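Just below is one structure, and these are the notes that go with it.
What you see below is based on every heavy atom in this structure, not just the backbone, and it leaves out hydrogens, waters and symmetry mates. Since the model is a prediction, treat every value here as computed from it, not as a measurement.
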Amino acid sequence: MATTRVPVDTAELTVRPLTPDTWEAFAELVERHNGVFGGCWCTWFQTLPSEKTFDADDNRALKRRLVGEGKAHAALVFDGEVAVAWCEYGTCQELPNIYHRKQYDEEADRYPDYRLTCLFVDKRYRRHGVSVLALRGALDLIAQAGGGVVESYPHDNQGKKVSVLYNGTRAMFEDAGFELVRPKGLKNTVMRRTIAPAG
């Protein structure tokens with residue numbers, strides 16, 4: 001079934017943090033996409049392999065609990081009262097699980113204050129720059145929390161179309177002021193930027 005895209009004016013979109021107050025809008029976005037990536041509920045980076053149940057209901061309950069405890073963070077993009085995208089961020093303690101973790105730990109010169117680990121956009125809103133808005137929103141929320149060194153691990157797709165880009169592209173992060181630190185895995189990168197405190 002073809003996706004019906006909606007007209008998108010990014011100037012009309014707003015960003016709010018993921019909190020208990022915005023949980024229902026976040027949950028509706030995830031549910032519109034069948035739990036996202038097989039029922040992940042954006043918990044993959046929050047749990048280590050030994051902790052995973054691979055059950056969508058368990059992941060939903062885990063995410064809701066972490067949001068309630070203030071241990072799950074994301075910038076949510078809203079069109080009116082409907083959440084249409086997110087950018088997940090958090091400390092290394094909140095987001096301990098990353099792809100190529102063994103290589104990352106062996107090559108790490110330092111650990112960041114924050115990680116950006118997952119970008120997701122409602123299929124009706126894709127290809128309109130909404131992921132960039134989510135990224136900027138996450139950086140603004142990090143600045144409001146005091147700023148610090150921020151890392152992300154985007155795909156180096158070299159301009160080619162790729163069906164799944166859960167962490168965005170190297171080019172998008174370069175445009176947002178991130179610098180390449182090193183490759184990670186075959187097609188991912190470690191990119192870093194320091195965010196000043198909001199003033």
Side-chain angles (χ1 to χ4, degrees), residues 15-23 26-27 29-30 36-37 40-53 58-77 83 85-120 131-155 165-168 170 172-173 176-185 188-199:
V15 176
R16 304 177 209 168
L18 174 59
T19 67
D21 289 340
T22 56
W23 166 261
F26 168 78
L29 171 57
V30 177
V36 179
F37 301 127
C40 172
W41 276 85
C42 202
T43 61
W44 197 90
F45 299 99
Q46 292 174 306
T47 54
L48 295 172
S50 61
E51 302 167 322
K52 295 187 184 305
T53 66
D58 287 348
N59 289 338
R60 186 188 197 282
L62 171 64
K63 189 71 171 188
R64 185 164 196 167
R65 177 174 63 78
L66 292 173
V67 170
E69 293 172 354
K71 295 178 181 176
H73 298 90
L76 297 180
V77 179
W86 73 71
C87 178
E88 179 182 56
Y89 69 93
T91 64
C92 293
Q93 291 73 30
E94 291 173 345
L95 299 167
N97 195 31
I98 58 173
Y99 287 105
H100 318 106
R101 186 173 180 218
K102 182 179 178 183
Q103 176 196 359
Y104 175 87
D105 286 338
E106 288 172 351
E107 297 176 352
D109 59 321
R110 64 158 299 157
Y111 288 89
D113 300 302
Y114 291 93
R115 287 176 165 157
L116 307 177
T117 50
C118 184
L119 279 157
F120 184 83
S131 59
V132 173
L133 188 59
L135 170 58
R136 289 178 186 158
L139 297 179
D140 287 346
L141 291 170
I142 289 169
Q144 292 169 29
V149 175
V150 180
E151 270 188 2
S152 195
Y153 315 105
H155 308 268
L165 293 169
Y166 62 86
N167 210 171
R170 174 179 172 179
M172 183 177 78
F173 278 84
F178 282 73
E179 294 184 354
L180 176 67
V181 177
R182 61 184 181 276
K184 182 170 72 70
N188 288 81
T189 59
V190 177
M191 299 191 74
R192 195 177 289 160
R193 177 182 168 182
T194 299
I195 298 298

Step by step, would you call Asp21 with Arg16 a side chain to side chain contact (heavy atoms under 4.5 Å, CB included)? CA-CA 10 Å; Asp21 289 340; Arg16 304 177 209 168; over 6 Å; no
Lys/Arg N to Asp/Glu carboxylate O, Arg182 vs Glu107, below 4.0 Å: yes
I'd like to know if Asp58 pairs up with Lys52 as an ion pair, taking the criterion as any Lys NZ or Arg NE/NH1/NH2 lying under 4.0 Å from an Asp or Glu carboxylate oxygen. no
Any side-chain heavy-atom pair of Asn167 and His155 under 4.5 Å: yes
I'd like to check Thr194 versus Phe178 (side-chain heavy atoms, cut-off strictly below 4.5 Å). Are they in contact? no
So CG of Leu62 and CD of Glu51: to nearest 0.5 Å the spacing works out to 9.0 Å
Using atom types as modelled and distance alone, determine if a side-chain donor or acceptor of Thr189 lies under 3.5 Å from a backbone N or O of Pro154. yes
Could you tell me whether the side chain of Cys118 reaches within less than 4.5 Å of the side chain of Cys87, counting heavy atoms only? no
Considering all heavy atoms of both residues, which atom of Trp23 and which atom of Arg60 are nearest to each other, and what is their separation? CH2-O, 3.8 Å
Are side-chain heavy atoms of Thr91 and Arg115 found at a separation under 4.5 Å? no
Count the heavy atoms of every other residue, nucleotide or ligand shown that sit under 6.0 Å from CD of Glu179, and state whether that count exceeds 12. no
Between Asp140 and Arg136, is there a side-chain N and carboxylate O pair less than 4.0 Å apart? no
Between atom OG of Ser152 and atom CZ of Phe173, what is the distance when rounded to the nearest 0.5 Å? 3.5 Å
Under 4.5 Å between any side-chain heavy atoms of Met172 and Val132, yes or no? yes
What's the shortest heavy-atom distance between Ala72 and Gln46, and which atoms? CB-NE2, 3.3 Å
Close side-chain approach of Pro49 and Asn97, heavy atoms under 4.5 Å: yes
Would you say Val67 and Pro20 make side-chain contact, with heavy atoms under 4.5 Å? yes
Glu106 side-chain N/O to Gln103 backbone N/O, donor-acceptor pair under 3.5 Å: no
Under 30°, 30 to 60°, or over 60°: which ring-plane class applies to Trp44 and Tyr99, parallel, tilted or perpendicular? parallel
Without swapping roles, check the side chain of Asn59 against the backbone of Thr43 for a donor-acceptor pair under 3.5 Å. no
Value rounded to 0.5 Å, distance of CG in Leu95 from OG1 in Thr117: 4.5 Å
Closest approach of Ala138 to Leu116 (non-hydrogen atoms, all atoms of both residues): CB-CD2, 4.1 Å
For Leu119 and Leu135, the nearest pair of non-hydrogen atoms, with its separation, is CD2-N, 4.2 Å
Keeping Asp113 on the side-chain end and Val149 on the backbone end, is there a donor-acceptor pair under 3.5 Å? yes
Return the minimal non-hydrogen interatomic distance between Ala145 and Tyr114, and the atom names on each side. CB-OH, 3.6 Å
Could you check whether Tyr104 and Tyr153 have their ring centres less than 6.0 Å apart? yes
Determine, step by step, whether Val36 and Phe120 satisfy the side chain to side chain contact (heavy atoms under 4.5 Å, CB included) criterion, reporting the C-alpha distance in whole Å, the side-chain angles of both residues, the deciding distance to 0.1 Å, and the verdict. CA-CA 9 Å; Val36 179; Phe120 184 83; 3.9 Å; yes
Quick test of your reading of the model: are Lys63 and Glu88 salt-bridged, counting only N-O distances below 4.0 Å? yes
Met191 vs Val181 side-chain heavy atoms within contact, under 4.5 Å: no
Sub-6.0 Å ring centroid separation between Phe26 and Trp86: yes
Answer yes or no: is there an ion pair linking Arg192 with Glu151, defined by an N-O contact shorter than 4.0 Å? yes
Between the OG1 atom in Thr22 and the CG atom in Leu76, the distance rounded to the nearest 0.5 Å is 5.0 Å
Closest contact, heavy atoms only, Leu141 versus Ala74: CD1-O, 4.0 Å
